[in-house]
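Written out below as structure tokens is the structure these notes cover.
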2 protein chains.
Amino acid sequence: MPATAQSPSLVDTVSRRIITLARNHTSDRLPTERDMAARFGVSRSVVREAAKRLELQGLLEIRQGSGMKIVDKLHKPLSSAVHLLVPDEKKRLVQLTEVRLALEPENARHAAERATATELRKLKAAHDRLKNCQDFETQVLADMEFHCLIAEASGNKIGALLMQSLSDLLQTSLSHGYRLVTKDQAVEDHARILDAILLRRADEAATAMKTHLLHARDDLGLKKTLSNR
Amino acid sequence: MPATAQSPSLVDTVSRRIITLARNHTSDRLPTERDMAARFGVSRSVVREAAKRLELQGLLEIRQGSGMKIVDKLHKPLSSAVHLLVPDEKKRLVQLTEVRLALEPENARHAAERATATELRKLKAAHDRLKNCQDFETQVLADMEFHCLIAEASGNKIGALLMQSLSDLLQTSLSHGYRLVTKDQAVEDHARILDAILLRRADEAATAMKTHLLHARDDLGLKKTLSNR
DNA sequence: TAGTGGTAATTGGTCAGACCAATTGGAATG
DNA sequence: CATTCCAATTGGTCTGACCAATTACCACTA
């Protein structure tokens with residue numbers, strides 16, 4: 001990873017040991033910086049640097065006065081990178097939508113081919129949550145969750161990671177004034193996608209997803225894609 | 001970004017100031033930790049933590065005894081995350097190929113619609129480099145560069161970031177024993193893609209890219225995609 | 001004069017201890 | 001039992017010292 005020196009630095013070594021500790025830990029709470037420093041026989045600054053690295057990688061959440069929590073958010077670094085890369089929210093939304101139009105029909109196709117029974121159940125539950133939601137925040141969450149579950153059901157972990165990051169970024173944009181207008185259209189579109197997946201019709205699932213994303217794009221007023229680049 | 005506390009931490013603030021400094025700096029070398037600590041009126045450990053954060057984000061390269069170099073490698077965090085997510089090289093390659101099959105035909109389509117004259121020149125030059133290369137390492141680099149240039153020419157920065165990361169990961173896998181077998185096929189495929197882009201035939205470009213990726217997949221022996229999940 | 005080797009200065013990596021800021025748990029009070 | 005307050009705990013920052021890697025400069029040799 002960083003600092004391609006010949007021998008691993010102490011921070012490299014301690015990062016790896018913290019990951020191992022996290023994987024074998026029964027609680028979702030890690031020992032304190034001071035404890036780990038004593039345990040690993042290094043200074044607190046090394047532990048601190050290693051922990052901060054893991055935080056940035058989406059594996060830990062660190063709070064002053066509270067300690068370190070083990071999490072699984074490997075998509076966070078990508079979300080940060082995209083934010084840095086395209087700071088303008090409108091441009092970012094345009095480009096995110098375009099990437100989604102490439103990725104998500106294939107996610108739906110693969111989900112139709114590969115989803116497990118458990119995954120199908122989760123998809124149905126997520127669809128119900130969208131149908132039943134009353135406020136905008138919950139609508140956005142349920143909508144994005146449906147998409148992330150499809151990515152997971154595709155069986156491609158990398159695709160699922162990308163989708164989680166896209167979802168995070170979209171949620172940020174949507175909470176900043178970009179509004180989904182028509183929940184009814186989304187519910188109808190999702191139902192079509194879900195039916196195609198349940199019936200294992202891969203092509204139909206891909207087409208239904210593309211149609212849905214085009215609707216969503218239109219709803220967000222993003223029809224003119226990248227013409228002013 | 002991290003530590004969603006109400007007021008920005010010193011490390012947050014100093015990270016931003018380093019970014020500003022990097023953007024206005026004539027040299028690609030930043031001042032030393034000690035210099036920046038004095039300049040920003042903070043301790044060296046705060047500068048260090050801020051710099052390490054920027055390193056992980058792909059904005060700096062730090063070397064002991066040598067100092068800090070400003071770089072632009074925003075794709076690096078994603079590469080690391082994917083590595084952590086899918087440690088198994090074969091599985092990773094399978095999934096990367098699948099993601100490429102989703103993303104890259106659309107990259108080619110958009111490149112055909114949007115590439116500038118400069119970008120087209122770069123694509124031609126990259127194609128020539130692939131045709132003329134003699135050894136495997138150079139072949140891989142030229143091949144991946146062609147793909148990254150298409151992603152850039154698509155005008156979608158997020159897509160280009162994803163492609164750079166995928167390219168990094170692929171180069172790692174290919175240097176670990178996964179061999180591209182038929183350069184002639186790649187050259188022929190690339191020529192078709194390039195022609196379609198030059199002639200602004202978006203659909204043809206997308207189809208040619210998909211064909212190329214299917215050839216590459218077959219060459220790598222990845223036909224059986226995710227059937228053992 | 002050009003090339004090589006050695007050394008000192010510089011710069012990042014680590015250590016230790018102190019103090020500050022945020023959180024949490026326990027005790028006291030109503 | 002519920003609420004408030006305070007002390008202990010835990011991460012954030014500071015300081016100064018020392019260690020490890022790199023680079024620039026100087027001296028020597030061919």
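Naming: A, B, ... by sequence-line order, numbering from 1 per chain.
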Could you tell me whether A:T32 contacts a base, only the sugar-phosphate backbone, or nothing, with contacts defined as non-hydrogen atoms closer than 4.0 Å?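 Here A:T32 touches the backbone only, sparing every base.
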
Grab the [atom1]-[atom2] distance between [X] and [N] for me, whole Å please.
| X | N | atom1 | atom2 | value |
| --- | --- | --- | --- | --- |
| B:R29 | D:dT22 | CZ | P | 12 Å |
| B:M36 | C:dT11 | CE | P | 11 Å |
| A:F40 | C:dG13 | CZ | P | 20 Å |
| A:I62 | D:dT9 | CD1 | C1' | 16 Å |
| A:L30 | D:dT9 | CG | C1' | 16 Å |
| B:D12 | D:dG11 | CG | P | 17 Å |
| B:E33 | D:dA21 | CD | P | 16 Å |
| B:M68 | C:dG12 | CE | C1' | 8 Å |

Review item, nucleotides 19-21 of chain C N/O atoms under 3.5 Å of protein N/O:
{"residue": "C:dA21", "atom": "N3", "partner": "A:Q64", "partner atom": "NE2", "Å": "2.8"}

Tabulate below the donor-acceptor pairs under 3.5 Å that side-chain atoms of residues 37-45 of chain A make, not counting sequence neighbours, or state none.
{"residue": "A:S43", "atom": "OG", "partner": "A:S45", "partner atom": "N", "Å": "3.4"}
{"residue": "A:S43", "atom": "OG", "partner": "A:S45", "partner atom": "OG", "Å": "3.0"}
{"residue": "A:R44", "atom": "NE", "partner": "A:E33", "partner atom": "OE1", "Å": "2.8"}
{"residue": "A:R44", "atom": "NH2", "partner": "A:E33", "partner atom": "OE1", "Å": "3.1"}

Could you pull out the closest heavy-atom pair between B:I193 and B:I150, with the gap in Å?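 B:I193 and B:I150 have their closest heavy atoms at CG2-CD1, 3.8 Å.
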
Where is the tightest heavy-atom contact between A:L149 and A:K122, given as atom of each residue plus distance?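 Heavy atoms of A:L149 and A:K122 come nearest at CD1-O, 3.7 Å.
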
Side chains of A:D168 and A:S165 only: does a donor on one sit below 3.5 Å from an acceptor on the other?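 Note: A:D168 and A:S165 side chains miss the donor-acceptor criterion.
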
Any idea which of [options] is nearest the [X] side chain?
| X | options | value |
| --- | --- | --- |
| A:V46 | C:dT23, D:dT23, C:dT14 | C:dT14 |
| A:R48 | D:dG11, C:dG12, C:dC15 | D:dG11 |
| A:V42 | C:dT14, C:dC15, C:dT23 | C:dC15 |

Does a side-chain N or O of [X] approach OP1 or OP2 of [N] to a distance below 4.0 Å, or not?
| X | N | result |
| --- | --- | --- |
| B:K52 | C:dG12 | no |
| A:S43 | C:dT14 | no |
| A:S66 | C:dT24 | yes |

Identify every side-chain donor-acceptor pair in residues 16-26 of chain B under 3.5 Å, counting partners at least two apart or on other chains, and give the distances.
{"residue": "B:T20", "atom": "OG1", "partner": "B:R16", "partner atom": "O", "Å": "3.1"}
{"residue": "B:N24", "atom": "ND2", "partner": "B:T20", "partner atom": "O", "Å": "3.3"}
{"residue": "B:H25", "atom": "NE2", "partner": "B:R29", "partner atom": "O", "Å": "2.8"}

For B:E98, is there an ion pair with B:R217 - N to carboxylate O distance below 4.0 angstrom?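 So B:R217 does not pair with B:E98 through a salt bridge.
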
Are any of the side-chain nitrogens in B:E89 or B:R92 under 4.0 Å away from the carboxylate oxygens of its partner?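 A salt bridge is present here (some side-chain N lies under 4.0 Å from a carboxylate O).
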
